Amino acid sequence: MSEEKEKGLNFIEQIIEKDLSEGLHEGRILTRFPPEPNGYLHIGHAKAICVNFETAKKYGGKTNLRFDDTNPEKEDTKYVDAIKADIKWLGFEWNGEERYTSDYFDTLFDYALKLVKEGKAYVDEQSAEIISEQKGTHTEEGKNSPFRDRPIEENVTRFEEMRDGKHPEGSMVLRAKVDMSSPNMHLRDPFIYRIKHETHHRSGDKWCIYPMYDFAHGQSDSIEGITHSFCSLEFEVHRPLYNWLIEELEIFPSKQREFARLNLNYTIMSKRKLLRLVEDNVVDGWDDPRMPTISGLRRRGYTSDSIRNFCTKVGIARRENVIDVALLEFSVKEHLNKITPRVMCVLDPIKVIITNYPEGETEDLTLINNPEDEDAGSRIVPFSKEIYIERNDFMIDAPKKFFRLKPEGFVRLKGAYIIQADSHLTDENGEVTEIHCTYFPDSKSGEDTSGIKCKGVVHWVSTHHAVDVEVRQYDRLFSDESPDGDKEKDFMEFLNPESLTILENCKAEPHLKSAEPGDKFQFQRLGYFCVDTKYTTSDKLVFNRTVTLRDSWAKMQKK
RNA sequence: UGUCCCAUGGUGUAAUGGUAACACCCCAGUUUUUGGUACUGGUAUUCAAGGUUCGAGUCCUUGUGGGACAACCA
């Protein structure tokens, strides 16, 4: 916090500071996060959450959590719980208990009735098709409905009948009487109440009419005394209606402001499309580690700190943007580098026999846990005659710049000795099966007097002490930068067939035996990994690769 | 064809009429018992044309480009 740079305010902060300087609402700041409980939260919501919670906090205000539940068809309580858990996990605390738009159904009905009684709303009994036709187009004005000027008493009666369940779905609708000739389609007598004979997840069967978004959101903001209502750009065209209703209803004047939603390359953010991935079993549920959902990122090993930092780096503005996923990845690496203990795990093991090391002997080596954090201490790693190293750390015809093990070459075993490759065995396919090496007793890590210079350092695990673990390597779910950007092709065509690789024969140092689900580590030289919370059992550890380390060797090879 | 919004390095975001900067990415190097981290340096930017002004990324006009908008969804 103290290192906070003197960067200018974002436009939302500018608005707030201006309001504050003008004494708006006596300096009270109240924002809200209004999810619809019809799906899981994703990284895009995380940005919205940060915008609302962090700006309110910055100015001494609070944030309400309000479930926008006006469409009983799609909403469910199970999503409510998941959403609450995700917000808490992200580290935010909402103002008091969570709220629900459905809690305001009585008030909302009264508001609507007030409009009806003042001749500002009417019941339209035409079909959806007819109404749609009358609505006009962008270039063509709309036409008034024949029901537009029916008597107020008749409107009151009909509206009450709607409420009382006397009419079937789709037979009639309550409309605000605004302006059918407005260039803004949302002002052409928008629907504000519709009939839905549907059981609501909270109000049950009490209601069979439900307010539309435009007649629920702004009013709920107002009821709660929200001072600043931040939403995404797509709602900009709704703002005139938002304001019109507040004025006509003469209720608390909340103000709506819009900002650009988060877009990530190689990622899909649409709830509908995410749902398809889940339903088509392309992924393993909403919390699949490849999903951009909060729960997916959490299972993948992301920390809430890193997600919040990412949201800060991304900024807030009003222009469309596509953030590079590399920035998200950088954000986790930045955090994980500071907090994770280093540990050795061989993903693709190949056996190394140290011919001059005494048979049956084990040596306890002390390795530091985290060079970035002195308090992290150290641990014991057993060393012996037989070890595993990474298959790709040995190369027969190695280029000059290959600093790892090659015939006749030297390499340092991390935290242990320098070894030299003498010979190797291969199978019928030419695959190396075993490497024979000699070690230099006077080259022990920390007390090396051998004078041998070797640039390469390699991680290893003693075969007899190794823990068998499964490692799941994840890559981006889509191979195209904007999977939903093609009008011709379905986003499913861009799925990356290699987004998941399961390695079942990995060897980890014994220290890992006590790892618990959710624990995070840096597998030295490889990346950051966490113990999977779903598939790990008492006798099988499953690790998820959160993100790889930067690999300059791989980069060099590409050239 | 209409209305509204937006336009700053490759990607994002600042600069509030006064020296265009920060982060990520990319490149080169230093350090290193992680080809990690850290550090140093580098490439690269105001959509265009007019106007206002001593001075414009910022204000005005026009153009160009991108986005949004016609669900009994939110």
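Order of the sequence lines fixes the chain letters, A, B, ..., with proteins taken first and strands second; residue numbering starts at 1 for each chain. What you see is a predicted model; the values in this text were computed from it and never measured.
- Using a 4.0 Å cut-off, no side-chain N or O of A:Gln524 falls inside it from OP1 or OP2 of B:U32.
- Of the candidates B:G36, B:C73, B:G35, the closest approach to any side-chain atom of A:Phe402 belongs to B:G35.
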Nucleotides 41-47 of chain B: which of its N/O atoms have a protein N/O under 3.5 Å away?
none

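- The aromatic ring of A:Trp553 sits over the base of B:G35, with ring centres less than 5.5 Å apart and planes tilted by under 30°.
- Geometrically, A:Arg202 engages A:Tyr100 in a cation-pi contact defined by less than 6.0 Å to the ring centre and at most 45° from the axis.
- In the set B:G35, B:C72, B:G2, B:G2 carries the atom at the smallest distance from any side-chain atom of A:Thr139.
- Regarding A:Arg379, its CZ atom lies at a distance of 13 Å from the P atom of B:U34, rounded to whole Å.
- The side chain of A:Arg525 contributes no N or O atom lying less than 4.0 Å from OP1 or OP2 of B:U32.
- Where A:Lys196 and A:Leu233 meet RNA chain B, the nucleotide closest to each residue was compared, and A:Leu233 sits on the side nearer the 5' end.
- Mapping A:Lys74 and A:Arg550 onto RNA chain B via the closest heavy atom, the residue that lands nearer the 5' end is A:Arg550.
- For A:Ser552 and B:G36, the shortest distance from a side-chain N or O to OP1 or OP2 is below 4.0 Å.
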How would RNA chain B look in dot-bracket form, 5' to 3', counting Watson-Crick and G-U wobble pairs with both distances under 3.5 Å and writing | for bases paired to another strand? .((((((..((((....[..)))).(((((.......)))))....(((((..]....))))))))))).....
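- Distances were taken from every side-chain heavy atom of A:Phe330 (C-beta onward) to each of B:U37, B:U33, B:C25; the shortest belongs to B:C25.
- Residue A:His138 and nucleotide B:C69 are classified as a stacked aromatic pair, their ring centres being separated by less than 5.5 Å at an interplanar angle below 30°.
- Between A:Lys555 and B:C26 there is a side-chain polar atom (N or O) within less than 4.0 angstrom of OP1 or OP2.
- Distance A:Ile195 CD1 to B:C73 P: 12 Å, rounded to the nearest Å.
- At whole-Å resolution of the value, CE in A:Met212 and P in B:A71 are 10 Å apart.
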Under 3.5 Å, which protein N or O atoms sit close to an N or O of nucleotides 9-13 of chain B? Give each pair with its distance.
unit_1	atom_1	unit_2	atom_2	d
B:U11	O3'	A:Val322	O	3.1
B:U11	O2'	A:Val322	O	2.8
B:G12	OP1	A:Val322	N	2.7
B:G12	OP1	A:Val322	O	3.4
B:G12	O5'	A:Val322	O	3.3
B:G12	O2'	A:Val314	O	2.9
B:U13	OP2	A:Arg319	NH1	2.8
B:U13	O2'	A:Lys7	NZ	3.2
B:U13	O2	A:Lys7	NZ	3.2

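- Note: CD1 (A:Ile368) to P (B:U37) measures 18 Å, nearest angstrom.
- Closest to the side chain of A:Glu234, from the set B:C69, B:A74, B:C25, is B:A74.
- In this model, the phosphate group of B:A71 is not approached by any side-chain N or O of A:Lys135 to a distance below 4.0 Å at OP1 or OP2.
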